[in-house]
Every structure is written in C-alpha cells, then in structure tokens.
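To start, the structure under review is shown below, and the notes come after it.
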Amino acid sequence: MSSNTKLSEDTSVSFNGWASTGTPHLSEFAYHPRPIGPKDVEVEISYCGICGSDIHTITEGWGTLKLGPCIPGHEIVGKVVTAGSNALHKVGDLVGVGAMVDSCGNCERCNSGYHQECSKCAFTYNDSFKDGRGGLSYGGYADRVRVNSEFAFKIPSNISPAEAAPLLCAGATTYAPLKRYNAGPGKRVGVIGIGGLGHLGIQWARALNCDEVVAISTSDSKREEATKLGATKFVNSKNPEDMKAAARSMDLILCTSFGENQDWGKLISLVANHGTFILVALPDNPISFRASALTSRCVSVTGSMIAGRETVQEMFAFASEKGVRPWIEKMPMSNANGGVKHMMEGHPRYRIVLETPAAARL
Ligand SMILES: [Zn+2]
Ligand SMILES: [Zn+2]
C-alpha cells in the first residue's frame with residue numbers, strides 16, 4: 001500500500017468483512033476505514049444483496065484485483081451510527097448505499113445527474129477515493145462502511161430494509177435506462193433474463209404502464225413467475241417458433257443476461273424498427289453481430305450502468321408508490337461464501353440478501 005493510503009486510515013477502529021483475493025472463496029478480513037470526513041456517515045450494516053457484479057469482480061472476470069483483498073457488496077442497508085458535521089443524515093437514520101460512494105459533486109457529469117461518469121467517482125469496492133484524502137473502498141459484506149452521505153439514501157418507510165437492498169443496484173440499474181428511453185404507454189418493452197435484474201425490469205415496465213411487457217428467457221420454468229411479476233407475454237429464446245413470432249415486435253429491450261456463445265443478432269432481431277436494445281448485462285468477453293442488424297431497420301444498441309443520485313431517489317419513490325419489490329432469499333452474512341456459491345450456481349429467485357446480527361436491532 002502507498003503511504004498516501006496509510007495516512008488515510010483511522011487506526012482507532014477496524015471494520016470486519018469477507019474479502020476475496022481473486023477467487024470466489026471469501027476469507028475474513030479486517031481493515032481500518034478512512035477517517036470520517038465532514039460529509040461522511042458510518043453505517044452499521046444490516047443487509048447486503050449479492051449482485052452479479054460481485055461475482056464478476058471477485059473471480060477477476062473484469063480484471064485482476066490490483067488493490068489487494070476486495071470486500072464485495074454494493075446493495076447495502078443499515079443504520080447511521082456516526083455522522084460528520086455536514087452529513088446529510090443523522091445518527092439513527094436508516095439508509096441504503098448502492099454501487100458508488102463518492103464523486104466530485106460539481107463537474108459537468110455530476111451536474112447532469114450522471115455521477116457514475118464523474119472522473120472522481122469512487123465505486124463502492126475495489127476502487128480508490130480520488131478526493132485527495134486517499135484510501136481504498138471496501139463493500140458491504142461487512143459489519144460497517146463509511147461513505148459520502150450524498151450516496152447514502154433514505155429508505156421509504158413502506159419498503160422493508162431487506163427488500164430495499166437489491167433496489168440499490170439491481171433496481172437502479174434497470175429503472176434508469178427504462179426511464180431514459182421513455183418506457184411507458186405506447187411502448188412494447190422486452191426484458192431478457194428473468195433473474196436479479198430482470199425480475200425488477202419486468203415490474204418497472206409494468207408499473208410504467210407499458211403496452212406490452214415481454215419476458216424473454218431460455219427456460220419455460222420462468223413462465224409462471226414472469227406472469228406474476230407482470231409480464232403480458234413470454235418468449236422462450238431457445239424456441240425458434242417463439243422467436244419467429246416475436247421478431248421485430250419490441251420498441252425497447254432491456255438485456256440483463258446472456259447465454260454462453262450468445263447469438264446477439266438473434267436477440268437484436270426482436271427489436272422493432274427504430275427501436276433500442278439496451279445492454280445492462282456485462283459479458284466478460286466482446287460481443288458481435290452483423291452491422292445490417294442495425295442499419296436495415298435503424299435499430300440502436302446502447303448501454304447503461306447504475307444510476308445517478310437523483311435517479312436513485314426517484315426510483316425509491318416510484319417503488320414505494322407502485323409496490324415494486326425484489327423477491328429475495330435471506331442468508332446470514334456469516335455464510336457469505338454459501339451465498340456466493342448459491343449465486344454462482346444460478347438458482348436464487350431472485351436475489352440473495354445477506355443479513356447481519358445488526359438487523360435484529362433495526
Ligand atoms: Zn450491482
Ligand atoms: Zn463530478
């Protein structure tokens with residue numbers, strides 16, 4: 001570690017978490033957090049969801065862990081136990097922290113509401129702070145975390161703390177692009193992949209009153225649950241008849257998952273003329289398709305990553321009002337490795353949320 005990093009440590013306390021050094025196996029790991037800054041809050045963690053990004057990161061699918069052991073987890077909910085003099089929250093407040101914990105707050109990107117594109121953005125884990133105070137970020141598979149209070153969000157009272165956790169990443173990631181591309185009345189929206197992200201994508205599209213909400217999955221076993229989530233149609237992407245019938249029928253498609261050796265042209269063929277295919281899934285490898293899949297029908301392919309502060313706040317208000325809630329399975333934080341294994345085997349329906357002993361004190 002650099003001397004700069006050491007200087008930023010508050011050696012009076014240690015936070016304890018579960019960290020990876022590049023394998024899916026997590027070991028207990030303690031670290032000294034940064035000293036609490038004027039805008040910071042310290043959160044005693046009650047819940048943390050397990051996101052697909054956690055798995056990509058700890059298995060080094062997205063690159064080597066260059067900053068040392070990584071405590072994953074960016075769907076964090078807990079109580080504020082310490083607040084800096086200028087923090088937005090006070091001790092005792094219930095807050096949630098998503099995939100980023102800092103940004104400069106006054107550049108053109110921050111002012112446009114895209115804090116995740118700020119050059120001084122710090123992601124919640126496996127990242128370094130760029131605010132001049134040094135230090136590394138560690139995530140929510142832990143007992144505590146210290147973050148810039150601007151990236152800690154009040155949880156509406158009618159959303160349970162455990163259900164709020166997955167909204168902070170999976171919820172924001174799916175809500176933001178649907179809103180940006182005007183999902184709503186008059187639009188037919190498809191959601192590829194009925195998993196942690198997709199099961200929320202279907203609920204958002206439904207709550208936004210889209211004309212059609214099409215669940216697209218490789219497995220017929222998801223058909224019934226997709227209907228419960230609000231899908232009006234189901235397409236089995238492995239069934240050629242289904243794919244033929246659904247060709248060019250959706251104005252917006254939110255792609256939350258993909259198969260091994262995915263034929264991307266096939267998925268894009270479902271987009272209606274002048275429609276948009278939005279990638280929120282992040283394959284480890286490059287993707288390819290023929291240019292004519294786009295040129296012949298003015299189809300756009302775009303991408304989206306998490307959401308800025310105002311969009312997260314808007315999402316919580318919308319979820320609160322419309323009753324959008326993740327379907328979760330709780331597991332104890334002490335069994336974080338069991339949670340990761342369950343996630344990697346691909347069977348959670350639909351989000352695993354790790355629970356700490358602090359949950360009993362909420
Ligand atoms: Zn995530
Ligand atoms: Zn900025």
Side-chain angles (χ1 to χ4, degrees), residues 20 24 39 45 47-59 61-63 70-77 96-133 137-142 145 147-151 153 163-177 193 195-201 204 254-257 278-284 303-312 315-316 326 328 336 339-340 343-344 346 348 350-354:
S20 161
K39 284 201 294 186
I45 298 169
Y47 294 102
C48 187
I50 298 183
C51 176
S53 303
D54 302 349
I55 309 298
H56 284 287
T57 303
I58 64 178
T59 58
W62 289 342
C70 166
I71 298 180
H74 59 204
E75 295 183 339
I76 303 167
V77 171
V97 177
M100 58 180 302
V101 288
D102 198 29
S103 79
C104 84
N106 54 33
C107 70
E108 183 270 334
R109 296 321 296 150
C110 285
N111 289 330
S112 306
Y114 287 88
H115 306 84
Q116 68 272 40
E117 297 172 17
C118 172
S119 62
K120 294 192 172 169
C121 160
F123 293 108
T124 303
Y125 56 78
N126 192 37
D127 203 0
S128 54
F129 288 93
K130 297 144 194 104
D131 60 356
R133 291 165 54 209
S137 61
Y138 293 98
Y141 296 10
V145 70
V147 305
N148 177 342
S149 60
E150 290 175 1
F151 294 94
F153 300 95
E163 288 175 320
L167 292 175
L168 287 147
C169 178
T173 297
T174 47
Y175 176 83
L197 269 65
H199 89 291
L200 286 163
W204 297 132
L254 186 69
C255 178
T256 74
S257 80
I278 310 162
L279 275 162
V280 291
L282 275 168
D284 291 349
S304 187
M305 183 185 74
I306 60 173
R309 290 184 58 217
E310 291 78 13
T311 309
V312 173
M315 172 211 64
F316 268 123
I328 62 171
V340 165
M343 180 77 177
M344 290 184 77
Y350 284 99
R351 204 60 154 179
I352 300 162
V353 176
L354 300 171

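Scope of the values below: all heavy atoms of this structure, side chains included, with no hydrogens, waters or symmetry mates. Both counts, for ligands and for their atoms, begin at 1 and track the order of listing.
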Worksheet item: Got Arg351 and Leu197 here, is their nearest side-chain heavy-atom distance under 4.5 Å?
Response: yes

Practice prompt. Keeping the roles fixed (side chain from His115, backbone from Arg309), state whether a donor-acceptor pair exists under 3.5 Å.
Written response: yes

Worksheet entry | 2.8 Å cut-off met by an N, O or S atom of Cys121 to the Zn ion (ligand 2) | no

Worksheet entry | Name of the residue among Ile71, Val147, Asp127 meeting side-chain contact (heavy atoms from CB on, under 4.5 Å) with Ser137 | Asp127

Discussion item. Within rounding of 10°, what is the angle whose vertex is the Zn ion (ligand 2) and whose arms end at SG of Cys118 and SG of Cys110?
Written reply: 110°

Worksheet entry | Apex the Zn ion (ligand 1) - arms SG from Cys51 and NE2 from His74 - angle rounded to 10° | 120°

Worksheet item: Do His74 and Tyr125 have ring centroids that are under 6.0 Å from one another?
Response: yes

Item to complete: Could you confirm whether Cys104 has any N/O/S atom lying under 2.8 Å from the Zn ion (ligand 2)?
Response: yes

